[in-house]
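See below for the structure under consideration.
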Amino acid sequence: MQKILIIYASETGNTEEMAARIAEGVQKAGIKPAVQAVDQISIDELMKYDGLMFGSYTDGMGDLPYIVEDLLDELNGHDLTGKAAMCFGSGDSSYGLFAAAVDTIQESFVRYGAEIIEDAFKVELSMTEEESNQAMHIGESFARKLMNRA
Ligand SMILES: Cc1cc2nc3c(=O)[nH]c(=O)nc-3n(C[C@H](O)[C@H](O)[C@H](O)COP(=O)(O)O)c2cc1C
C-alpha cells in the first residue's frame, strides 16, 4: 500500500483547512493519509512516504515561512527520486507575489528528485466552496495516480 503524507504550515488556518480537505479526498480513494504540521515531522519520518503533499502559506515578500525554509534546507541532500509530490497553499494577492511559497516548495521538490504528479493548487485566503470541492478532488486524484504508479 502506498503511503501518503500531507504536511502543512499554517498560521491562521487557511492552509490547514486545505490540508484537511485534501486528506478527505485521499481517504476517498482508499488511502488513509498522515496529516502533520511541518514542525511535527522529522526528515526520517518524511522519507518513509511515497506521496508527499506539501502545503504552505506565504510570508514576508513572497517568502517561505522560516519553519518551511528550515525543513527544505534539511531535505537538501536527500534523494526524493521515486517519490510523488504536489504542492498547495493559501496566499493573499494584495501582497504582490501571490502564494509564491508554493512555487518555491515545488521547485525544491523537483530539484531533490520528486515527481510532481498533480498541479500546484493556490487559493486566495480561505477556500470558497468550489475550491473546497476542488481540494478534495485533488486529494483523490493524487492518491489514484500514486496507486496506478505502483
Ligand atoms: C507578514 C505577512 C506577509 C505575507 N506575505 C505574503 C506574500 O508575499 N504573498 C502572499 O500571497 N501572501 C502573503 N501573506 C498572506 C498569507 O499567506 C495569507 O494570509 C494566508 O492565507 C495565510 O495562510 P494560513 O491561514 O494557512 O496561515 C502574508 C501575510 C503576512 C502576515
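Read the numbers this way: they start at 1 and go in the same order the structure lists the ligands and their atoms. We're numbering straight along the sequence, starting at 1.
- Ionic pairing of E24 and K28 is not present here: no N-O contact between side-chain nitrogen and carboxylate oxygen is shorter than 4.0 angstrom.
- Under 3.5 Å, the side chains of E118 and S141 contain a donor-acceptor pair of N or O atoms.
- With sequence neighbours left out, the side chain to side chain contact (heavy atoms under 4.5 Å, CB included) criterion links T12 to N14.
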For residues 50-57, which side-chain donor-acceptor pairs fall under 3.5 Å, sequence neighbours excluded?
{"from": "D50", "atom 1": "OD2", "to": "K3", "atom 2": "N", "distance (Å)": "2.6"}
{"from": "Y57", "atom 1": "OH", "to": "E11", "atom 2": "OE1", "distance (Å)": "3.2"}

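- The hydrophobic clustering, which links ILVMFWY residues whose side-chain heavy atoms are closer than 4.5 Å, places F88 and L64 apart.
- Among residues two or more places apart in sequence or in another chain, the side chain to side chain contact (heavy atoms under 4.5 Å, CB included) test is passed with E45 by I41, S42, K48, Y49.
- Residues with a heavy atom under 4.0 Å from ligand 1: S10, E11, T12, G13, N14, T15, Y57, T58, D59, G60, M61, G62, S90, G91, D92, Y95, L97, F98, A99, L125.
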